[in-house]
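Side-chain atoms are counted along with the backbone in the values below, which use heavy atoms only and exclude waters and symmetry mates.
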Amino acid sequence: MDMHTVVVGTSGTTAEDVVAVARHGARVELSATAVDALSAARLIVDALAAKPEPVYGVSTGFGALASRHIGHELRAQLQRNIVRSHAAGMGPRVEREVVRALMFLRLKTVASGHTGVRPEVAQTMADLLNAGITPVVHEYGSLGCSGDLAPLSHCALTLMGEGEAEGPDGTVRPAGELLAAHGIAPVELAEKEGLALLNGTDGMLGMLVMALADLKNLYTSADITAALSLEALLGTDKVLAPELHAIRPHPGQGVSADNMLRVLAGSGLTGRHADVTGDAPRVQDAYSVRCAPQVNGAGRDTLDHADVVAGRELASSVDNPVVLPDGRVESNGNFHGAPVAYVLDFLAIVAADLGSICERRTDRLLDKNRSHGLPPFLADDAGVDSGLMIAQYTQAALVSEMKRLAVPASADSIPSSAMQEDHVSMGWSAARKLRTAVDNLARIVAVELYAATRAVELRAAQGLVPAPASQAAVAALRAAGAEGPGPDRFLAPDLAAADVFVREGRLVAAVEQVTGPLA
């Protein structure tokens, strides 16, 4: 567990804090301001609960059953029942980091003071995170509207000491046993609290934040692999000149071109179009090489837009109804996941296109008719072995799946709750498929890296001098265990090592030792 502590206040949180809690086990602490805000909002809810008039979420049923007034004697049962009935998820377990992000972001909204939840409930949420207790949440159950209802319900069930959860040792046990083992008392939910624990976009937002962190690394990695492929194909770096990108001023395009240009600084391989033995002089490189900054850059701009949406959502209090500073408790539609769902789908689209252009460059490196003097399939002994032929097959299969995953989830809606909830976002589904897409993209970039570093080494054997940054990438990858193809060796361990090397940001770190920080 990371001993870093994240303090949760009333004004939202940051993407860095989400990643710290979700992935690195950072501790969570409620600020004094948050405790005061929780107490003040609870006084308002208690006052409304004492009135004879029905108030939605406090003394009524929910959704299509909101017209029924619930008496005092049944309200605790109502809060328990909404959690139990909504904990209806099915399918495989969701990853631990996703559930921790989900829990932390719900705590973030609760701590805002707009939900009416008591301070002791919020503290128990923090206690679960700090104890490393992770509720069992299932793949299916959220429509991305009225919040991520089923996933959040399974988390609330754990707060009540019910259902199943995973302990810090990775063992799944009854939640009540885990809470007792860590000295945590289950909560007894009061008016509005059951609803407040379920009504948020926290799951899809947590997955968005983590996807953005991963994609930022992968986009910089893809700029590097594009530069390595350009170099290995004896392409020209003139297309990366800043003045060319200044006349089409998309910010991401300029950033990607600059990254590539810095990786290629000092290369003895670029700009050799006219003197490649056996080749007719080339005027231009193929689109997958020449247009890498345009494609990578457009994806970067999409990431920037998604970052803005995530930042707004991280600063939001998503619940229904909400407690306002003037004492009103008002129904609203802020739980609708559309803003998050759209950008999750946008990211799946640009990730698919980035994977596609990476694969096209890999294929070009392996084809002796288009690689300008490289051996077929970059094989050690073409014909005796197949080189990287099937590595490209694997990459192509991943790209094909990426294209299927790019089909938007947010374009769909299935009405629910007896037509009360008649237009939903499917944001959870968009987030789940984006996670798979990001996972695939890392593998695709790793295959291009493996092929490009192999090709750069072969160029060096031909007497050409690669860029210092390229040499650093090759050396670091080899040191990480991806030794390169050779007699009587199989590729799977090398490809797996390249995959980890990319995911962990070690490719970027190795190159930055030469280039300085890349964007």
Side-chain angles (χ1 to χ4, degrees), residues 218-245 252-276 279 281-300 353-374 378 388 392 395 444-460 462 464-474 477 502 507-508 510-512 514-515 518-519:
L218 290 176
Y219 266 83
T220 303
S221 299
D223 288 343
I224 294 169
T225 61
L228 292 172
S229 292
L230 182 152
E231 187 177 32
L233 291 166
L234 306 179
T236 178
D237 58 0
K238 290 182 179 180
V239 297
L240 305 174
E243 57 269 25
L244 294 176
H245 298 280
Q253 178 179 323
V255 167
S256 286
D258 182 65
N259 281 348
M260 290 179 66
L261 201 57
R262 291 166 63 191
V263 172
L264 293 170
S267 175
L269 281 69
T270 58
R272 304 181 65 87
H273 281 178
D275 63 352
V276 180
D279 277 356
R282 278 181 287 154
V283 177
Q284 299 180 123
D285 292 312
Y287 284 8
S288 62
V289 177
R290 187 180 2 144
C291 301
Q294 286 76 11
V295 173
N296 293 19
R300 283 179 171 276
D353 201 38
L354 180 60
S356 180
I357 199 170
C358 289
E359 183 276 330
R360 287 294 79 207
R361 288 190 296 266
T362 303
D363 181 64
R364 187 165 288 272
L365 289 166
L366 271 54
D367 183 354
K368 70 180 182 64
N369 297 312
R370 295 178 289 146
S371 66
H372 311 292
L374 292 169
L378 305 180
L388 275 63
Q392 185 266 332
Q395 194 184 38
I444 291 165
V445 172
V447 173
E448 184 185 12
L449 172 66
Y450 189 72
T453 51
R454 165 69 171 164
V456 165
E457 285 183 311
L458 290 169
R459 292 299 189 194
Q462 295 171 354
L464 301 175
V465 181
S470 299
Q471 295 179 50
V474 172
L477 181 61
V502 168
L507 170 61
V508 175
V511 169
E512 287 181 335
V514 177
T515 63
L518 298 172

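The OG atom of S221 sits 13.5 Å away from the CD1 atom of I444 when rounded to the nearest 0.5 Å. Atom CD of residue E457 and atom OG of residue S470 lie 11.5 Å apart, to the nearest 0.5 angstrom. To the nearest 0.5 Å, atoms CG (L234) and CG (L269) are separated by 5.5 Å. Between R454 atom CZ and L228 atom CG the span is 15.0 Å, to the nearest 0.5 Å. Note: S356 OG to Q395 CD = 9.5 Å, rounded to the nearest 0.5 Å.
Residues Q253 and V295 are not in side-chain contact: their nearest non-hydrogen atoms beyond the backbone lie 4.5 Å or more apart. Between L518 and I224, some side-chain heavy-atom pair lies under the 4.5 Å cut-off. Between S229 and V289, the closest side-chain pair of non-hydrogen atoms is not below 4.5 Å. Taking 4.5 Å as the limit, every side-chain heavy atom of L230 sits out of range of all side-chain heavy atoms of T236. Between V239 and D285 there is no side-chain heavy-atom pair separated by less than 4.5 Å. Residues T270 and K238 have side chains not in contact (no heavy-atom distance under 4.5 Å, counting atoms from C-beta outward). Side-chain contact check for P293 versus M260: some heavy-atom pair is nearer than 4.5 Å. For the pair L233 and L365, the minimum side-chain heavy-atom distance is below 4.5 Å.
The backbone N or O of A519 lies less than 3.5 Å from a partner atom in the side chain of N259, making a donor-acceptor pair. Under the 3.5 Å distance criterion, the side-chain polar atoms of H372 are matched with a main-chain donor or acceptor of R370. With R361 contributing its side chain and S288 its backbone, the two residues share a donor-acceptor pair below 3.5 Å.
A pairwise comparison of heavy atoms in L261 and P242 identifies CD2-CD, 4.2 Å as the closest pair. Nearest heavy-atom pair, A451 versus L388, reported as atom, atom and distance to 0.1 Å: CA-CD2, 3.5 Å. When all heavy atoms are compared, the tightest approach of L354 to A222 is CD1-CB, 3.8 Å. Summarising the geometry of A265 relative to A467, their closest heavy-atom pair is O-CB, 3.5 Å, with the distance given to 0.1 Å.
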Q.
Let's go through D258 and H245 carefully: what are the C-alpha distance in whole Å and the side-chain angles of both, what is the deciding distance for side-chain contact (heavy atoms from CB on, under 4.5 Å) to 0.1 Å, and is it a yes or a no?
A. CA-CA 9 Å; D258 182 65; H245 298 280; over 6 Å; no

Q. Is there a side-chain contact (heavy atoms from CB on, under 4.5 Å) between L374 and L366 once you walk through the steps?
A. CA-CA 8 Å; L374 292 169; L366 271 54; over 6 Å; no

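Donor-acceptor pairing under 3.5 Å is recorded for the side chains of E359 and Q392. Checking E231 against S267 by side-chain atom types alone, a donor-acceptor pair falls below 3.5 Å. For the residue pair E448/T362, the side-chain donor-acceptor check at 3.5 Å is not satisfied. For the residue pair S256 / R300, a side-chain donor-acceptor distance below 3.5 Å is found, with atom types taken as modelled.
Of the candidates T225, L218, L477, L507 forms a side chain to side chain contact (heavy atoms under 4.5 Å, CB included) with just one, namely T225. No option in T453, V456, V465, V514 other than V465 meets the side chain to side chain contact (heavy atoms under 4.5 Å, CB included) test with Q471.
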